Amino acid sequence: MKYYSTNKKSPLVDFKEATINGQAPDKGLYFPGTIPVIDHDVIANIEQYSNEEIAFRIIAPYVGESMDDDKLMQIVKETISFPIPLVQVTESVFSLELFHGPTLAFKDIGARFMSRCLGHFVKNNDKKVTVLVATSGDTGGAVANGFYNVEGIEVVILYPSGKVSPVQEKQLTTPGKNIHALEIEGNFDDCQRMVKEAFMDDELKKKRFLTSANSINVARWLPQQFYYFFAYKQWTDKSNPPIISVPSGNFGNICAGILASQSGLPVKHFIAACNANDIVTRYLQTERLEARDAVVTLSNAMDVGNPSNFIRILEIFHHQFPELKNKLSSYSITDEETIHTISEAYKQHSYTLDPHGAVGYLALKRYLEKHPDSKGIFLETAHPVKFPDAVEQQTGRSIELPPSVKDIMKRKKISTVMKPEYAALKDYLMTSP
Ligand SMILES: *Cc1c(COP(=O)(O)O)cnc(C)c1O
């Protein structure tokens, strides 16, 4: 498999090079040259295949010659070593719970797969690789956990001081070893700006090889297809395929789902569930994609004003607006509606939503009101315990910490406090770790 850049001004690369580079040199995103078609037998008899087998068959064509089958199978097994259940919430609504991984975020899947691939690819490098990433919350924990102790890789995570939840902060400041947390005295935009500057600094890049671990990396983006197949495996009414609603921010997750459906996975329709950051909701109404500054919401992992993966969705549909509109709808949900939805789902269905899942749930319900013969799935992308304030207030009940989190909450936070200035970051990266 060869990957081209969406800006079309970079050489074609294989999976290994795309993973190591992250972004193409022309600043475009890597995109697979062809979209593989999944063997029809796998879809028709999906219950008879193990999750490992399904995942391996989906990802193998994308990895191609970059890795041998045994190694890839080992990585696949480690990536999906936790349950991903489909839970019925109402008569027509099901929750795909993606939060049973080590950091309670769906990002665990992509981060675990990517870290193991990158670790394998740089194993015999004499130059160490530094993964540099800014986080508003969930990315940091998933990346820290995925890359912990991976040889040849140092991870530097920038997070805004006081602006991530206590569980999230512990997840990225307690691992130690090759994971380094920089606590920035500023906001998420400051963190992101500092990281961007580092990627443009030739002097720094001479000193150390930098790569990113966000969802533009193909090794993080592509394995997100797995759980759409696992959802279908658990879907009982195969004659009536599901509508799938995805809480979306940078649009990597939903783009993986759409890619899976282009490969042959039966999905009737996709819904991009957005919070007040409604760039794509507007695009589907006006055909104009207008980036804006992100606004802060309760579902903060989706506070994105310029969704970087949306270009890949356009690429899947060959930039044909009618085809895209046929497969994708979008709703923008306010914080007030999010709060109300958390409360209602708990009272009426005894189901505890987190704010991101609540956006997905309500967007799905809106669509189903107009399509009463359909049923659907929303992706529950984070564990409610990560957002205790909003959730406990609405359900009136405190959420039990899962054992893995209880343990982490007892550990000591270690971070390097830093001014929100690039000079400080550069100084740090030139001299340590
Ligand atoms: C990252 C994240 C999202 C958004 O996913 P994208 O792939 O960026 O669209 C949604 N919910 C949670 C909890 C997240 O951490």
Side-chain angles (χ1 to χ4, degrees), residues 29 95-111 113-114 133-146 157 159 164-165 167-168 171-172 188 192 212-228 244-260 270-281 294 297-313 328 330-333 338 342 352-363 378-388 390-391:
L29 270 58
S95 169
L96 184 68
E97 296 187 346
L98 298 176
F99 57 75
H100 297 284
T103 75
L104 315 178
F106 86 93
K107 292 186 172 73
D108 279 327
I109 308 241
F113 188 82
M114 180 192 164
V133 67
T135 184
S136 58
D138 272 358
T139 300
V143 167
N145 186 279
I157 302 168
Y159 75 97
V164 302
S165 83
V167 175
Q168 289 173 327
Q171 284 175 337
L172 60 100
F188 174 59
Q192 222 165 9
S212 159
N214 62 28
S215 59
I216 61 170
N217 194 300
V218 293
R220 229 192 95 181
W221 169 50
L222 294 169
Q224 298 179 121
Q225 294 176 90
F226 295 167
Y227 39 74
Y228 291 90
I244 300 187
S245 172
V246 187
S248 294
N250 238 335
F251 279 71
N253 198 2
I254 192 168
C255 182
I258 295 173
L259 190 67
F270 283 93
I271 297 167
C274 300
N275 58 28
N277 296 284
D278 60 352
I279 286 77
V280 171
T281 316
T297 74
L298 287 173
S299 45
N300 61 12
M302 291 150 55
D303 294 348
V304 178
N306 187 10
S308 40
N309 279 290
F310 195 68
I311 178 79
R312 284 183 166 140
I313 296 183
L328 179 70
S330 178
Y331 297 91
S332 164
I333 307 295
T338 304
I342 294 174
T352 308
L353 294 162
D354 99 289
H356 305 77
V359 170
Y361 173 89
L362 184 58
F378 69 96
L379 272 47
E380 183 38 294
T381 47
H383 195 296
V385 79
K386 292 182 120 177
F387 307 92
V391 177

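Both ligands and their constituent atoms are indexed starting at 1 by order of listing. Please read these numbers as outputs of a predicted model, since none were measured by experiment.
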- [ ] Please say whether Asp138 places an N or O atom under 3.5 Å from an N or O atom belonging to ligand 1.
- [x] yes

TODO: Mind checking the CD1-CZ spacing from Ile109 to Arg220? Nearest 0.5 Å is all I need.
DONE: 11.5 Å

TODO: May I ask you to check whether Ala301 has an N/O atom sitting below 3.5 Å from an N/O atom of ligand 1?
DONE: no

TODO: Could you check Asn275, Thr338, Asn277 and say which one makes a side chain to side chain donor-acceptor pair (under 3.5 Å) with Thr297?
DONE: Asn275

Task: Asp354 N/O under 3.5 Å from ligand 1 N/O - done: no

Task: ligand 1 N/O within reach of Met302 N/O, cut-off under 3.5 Å - done: no

Open item on the list: Judged on heavy-atom distance to atom 5 (O) of ligand 1, which of Phe251, Phe99, Phe106 sits nearest?
Closed with: Phe106

Task: Polar atom proximity, Ser248 to ligand 1 (N or O, under 3.5 Å) - done: no

Task: Any side-chain heavy-atom pair of Tyr331 and Ile271 under 4.5 Å - done: yes

Task: Under 3.5 Å: donor-acceptor pair, side chain of Ser248, backbone of Val246 - done: yes

- [ ] Side-chain contact test, heavy atoms from C-beta onward, threshold under 4.5 Å: evaluate it for Ile311 versus Phe251 and give yes or no.
- [x] no

Open item on the list: Please give me the minimum heavy-atom distance between Asp138 and Lys386, naming the atom from each residue.
Closed with: OD1-NZ, 2.7 Å

Open item on the list: Are any of the N/O atoms on Ser215, whether in the backbone or the side chain, positioned under 3.5 angstrom from an N/O atom of ligand 1?
Closed with: no

